[in-house]
**Student:** 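Provided herewith is a single structure, encoded as structure tokens, for subsequent inquiry.
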Amino acid sequence: MRLFSYRSGPLGEEVVQGTLDRDGRVVVDGIATDPAELTPAAAVARPGKIVCVGLNYQDHVAEGGRPGPDRPLLFSKFANTVIAEGEPIVRPEGTHALDLEVELGVVIAKQARRVAVEEAMAHVAGYVVVNDVSARDWQGIPAALGEGEKGDGQWLRAKGSDTFLPMGPVFVTADEIDPAGGLRLRSWRITSDGEEHQMQDGSTADMILDVPSLIAFISAAITLEAGDVIATGTPSGVGVFRDPPVFLEPGDRVRCDVEGIGSIENPIIDWADVN
């Protein structure tokens, strides 16, 4: 099943989910609507927990010139990071090195606590597209640091600032797609002149640890609840490791796409332009 979340009500205060039919229309109570006529909402508007996985694609590890981790590298984001299609990603005051990361998001169906790998998929409700927006200078990556600058020493601000997790409106149930079979992940930076610059082009088949292994590892220490989201890592092609580095600027747009689910596109604005 494929569900599309959108805003309804006089002020857009209500989030409604409709079923996507074979023609890509959103069906609610038997009435089909073109999604272009709707205001998208994030597929999971207020996750209780967002657990993210760093360095989970071998090509991404290699592009940064770092050794791969000997166990999953976990960090978190909060619900304040989640925005919907079309809503602006805000570059906070003090950072000059905003970057993108297309990722497969896993939505948890039911409580997972000390779950075995063999049982892990029973706890997966489905999948969404997410963009793990990152402030690379705050993250402390050398290519993003100017003279005399240093990172925060941890990733909370670099990864958890407001608007730093755009999430697509489409939720696809676990029986519809199989990440182990290889889903294509792509991202683009769209500059103010409208030109599209492809950044990433990878496959979930290249994940170092697959979805069941991640759920087993995380749930051994962190109880996952229904509606929690796991961002499973990103492939190579991010801006910070290009030569020269490429960062997102106000006026740009960024689009992330996961095969079998859909895409999420958002503009970049500066903090000074927020009312």
**Student:** Compare every heavy atom of T191 with every heavy atom of D252, then report the nearest pair and how far apart it is.
**Tutor:** OD1-CA, 3.5 Å
**Student:** Does R136 reach the side chain of I141, with side-chain heavy atoms less than 4.5 Å apart?
**Tutor:** yes
**Student:** Can I get a per-line list of side-chain donor-acceptor pairs under 3.5 Å for residues 109-122, giving both atom names and the distance, sequence neighbours left out?
**Tutor:**
residue: Q111; atom: NE2; partner: E225; partner atom: OE1; Å: 3.4
residue: Q111; atom: NE2; partner: E225; partner atom: OE2; Å: 3.2

**Student:** Please step through side chain to side chain contact (heavy atoms under 4.5 Å, CB included) for the pair E103 and V129, ending with a clear verdict.
**Tutor:** CA-CA 6 Å; E103 304 200 10; V129 180; over 6 Å; no
**Student:** Would you please test T33 and L38 for side chain to side chain contact (heavy atoms under 4.5 Å, CB included) and show each step?
**Tutor:** CA-CA 8 Å; T33 305; L38 304 172; 4.0 Å; yes
**Student:** Could you check if a side-chain atom of V51 sits within less than 4.5 angstrom of a side-chain atom of L224, using non-hydrogen atoms only?
**Tutor:** yes
**Student:** Does the pair T95 and D137 meet the rule for a side-chain hydrogen bond (donor to acceptor under 3.5 Å, both in side chains), with working shown?
**Tutor:** CA-CA 7 Å; T95 180; D137 44 355; 2.6 Å; yes
**Student:** Taking salt bridge (charged side-chain N to carboxylate O under 4.0 Å, His left out) as the test, write out the residues that go with R66, two or more places apart.
**Tutor:** none
**Student:** I need the full list of ring pair (Phe, Tyr, Trp, His ring centres under 6.0 Å) pairs touching residues 64-106, with sequence neighbours left out, sorted by first then second residue.
**Tutor:** F75-W155
**Student:** Decide yes or no for V254 and I190: does some side-chain heavy atom of the first lie under 4.5 Å from some side-chain heavy atom of the second?
**Tutor:** no
**Student:** For atom CG of D29, decide whether the heavy atoms of other residues, nucleotides or ligands shown that lie under 6.0 angstrom number more than 12.
**Tutor:** no
**Student:** Under a 3.5 Å threshold, yes or no: a donor from one side chain and an acceptor from the other, between S187 and Q200?
**Tutor:** yes
**Student:** With sequence neighbours left out, which residue pairs that include part of residues 256-267 fulfil the side-chain hydrogen bond (donor to acceptor under 3.5 Å, both in side chains) condition?
**Tutor:**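 Sorted result for residues 256-267: R253-E265, R255-E265.
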**Student:** Around atom CZ of R186, are there more than 12 heavy atoms of other residues, nucleotides or ligands at under 6.0 Å?
**Tutor:** yes
**Student:** With Q58, which residues qualify under side chain to side chain donor-acceptor pair (under 3.5 Å), at least two apart?
**Tutor:** none
**Student:** Any side-chain heavy-atom pair from V246 and M199 closer than 4.5 angstrom?
**Tutor:** yes
**Student:** Given salt bridge (Lys or Arg N to Asp or Glu O under 4.0 Å), test E13 with R7 step by step and report yes or no.
**Tutor:** CA-CA 7 Å; E13 69 278 9; R7 295 196 175 278; over 6 Å; no
**Student:** For S236 versus D59, what's the shortest heavy-atom pair and its separation?
**Tutor:** OG-OD2, 3.1 Å
**Student:** Nearest heavy-atom pair of G18 and V28: which atoms, and what distance?
**Tutor:** CA-CG2, 3.6 Å
**Student:** Is it the case that the side chain of S203 and the backbone of A205 share a donor-acceptor pair, with hydrogens and angles ignored and the cut-off at 3.5 Å?
**Tutor:**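 The answer is yes, because a donor-acceptor pair under 3.5 Å joins these two groups.
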**Student:** According to the salt bridge (charged side-chain N to carboxylate O under 4.0 Å, His left out) rule, which pairs have a member within residues 199-220, sequence neighbours left out?
**Tutor:**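 Residue pairs with at least one partner in residues 199-220: R184-D201.
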**Student:** Any pair with a residue in residues 36-50 that passes side-chain hydrogen bond (donor to acceptor under 3.5 Å, both in side chains), sequence neighbours left out, goes on the list, sorted by first then second residue, please.
**Tutor:** K49-D228
**Student:** Side chains of T234 and V238: closer than 4.5 Å at any heavy-atom pair?
**Tutor:** yes
**Student:** Is the closest side-chain heavy-atom distance between I215 and V124 below 4.5 Å?
**Tutor:**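 Yes, side chains in contact.
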**Student:** Give the intermediate values and the outcome of side chain to side chain contact (heavy atoms under 4.5 Å, CB included) for residues T163 and V133.
**Tutor:** CA-CA 8 Å; T163 74; V133 178; over 6 Å; no
**Student:** Do V130 and M207 share a hydrophobic cluster, counting only Ile, Leu, Val, Met, Phe, Trp and Tyr and linking them when any side-chain heavy atoms are less than 4.5 Å apart?
**Tutor:**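 No: no chain of side-chain contacts under 4.5 Å links V130 to M207.
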**Student:** Sequence neighbours left out, what pairs pass ring pair (Phe, Tyr, Trp, His ring centres under 6.0 Å) with at least one residue falling in residues 209-248?
**Tutor:**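 Output for this query is empty, none listed.
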**Student:** Below 4.0 angstrom, N of the basic side chain to O of the carboxylate: do K159 and E101 qualify?
**Tutor:** yes
**Student:** Which heavy atom of G260 sits nearest to which heavy atom of V172, and what is that distance?
**Tutor:**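 Closest pair (atom of G260, atom of V172, distance): O-CG2, 3.6 Å.
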**Student:** Could you walk me through whether T232 and L214 pass the side chain to side chain contact (heavy atoms under 4.5 Å, CB included) test, one step at a time?
**Tutor:** CA-CA 8 Å; T232 55; L214 290 174; 4.0 Å; yes
**Student:** If hydrophobic clusters are built from ILVMFWY residues whose side chains come within less than 4.5 Å, do L209 and Y57 share one?
**Tutor:** yes
**Student:** Quick one: do I264 and V128 end up in the same hydrophobic cluster if we chain Ile, Leu, Val, Met, Phe, Trp and Tyr together by side-chain heavy atoms under 4.5 Å apart?
**Tutor:** no
**Student:** Any ring pair (Phe, Tyr, Trp, His ring centres under 6.0 Å) involving residues 160-205? Give me the pairs, sequence neighbours left out, ordered by first then second residue.
**Tutor:**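 Output for this query is empty, none listed.
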**Student:** Which pairs, with at least one residue in residues 120-146 and sequence neighbours excluded, count as a ring pair (Phe, Tyr, Trp, His ring centres under 6.0 Å)?
**Tutor:** none
**Student:** Which residues pass the side chain to side chain donor-acceptor pair (under 3.5 Å) test with S219, sequence neighbours left out?
**Tutor:**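 Scan of S219 (side chain to side chain donor-acceptor pair (under 3.5 Å), adjacent residues dropped) gives none.
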**Student:** Taking the side chain as C-beta and beyond, is there a heavy-atom pair between T19 and V26 under 4.5 Å?
**Tutor:** no
**Student:** Can you see which heavy atom on V15 is nearest to which on S5, and at what distance?
**Tutor:**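 So the two residues come closest at CG1-CB, 4.2 Å.
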**Student:** So I230 and V211, do their side chains get closer than 4.5 Å, heavy atoms only?
**Tutor:** no
**Student:** For the residue pair P47 and I50, what are the closest heavy atoms and their distance?
**Tutor:**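 Taking P47 first and I50 second, the nearest heavy atoms are CB-CG1, 3.8 Å.
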**Student:** Hey, could you give me each pair passing side-chain hydrogen bond (donor to acceptor under 3.5 Å, both in side chains) that has a residue in residues 69-89? Not counting sequence neighbours.
**Tutor:** K77-D132, N80-D162
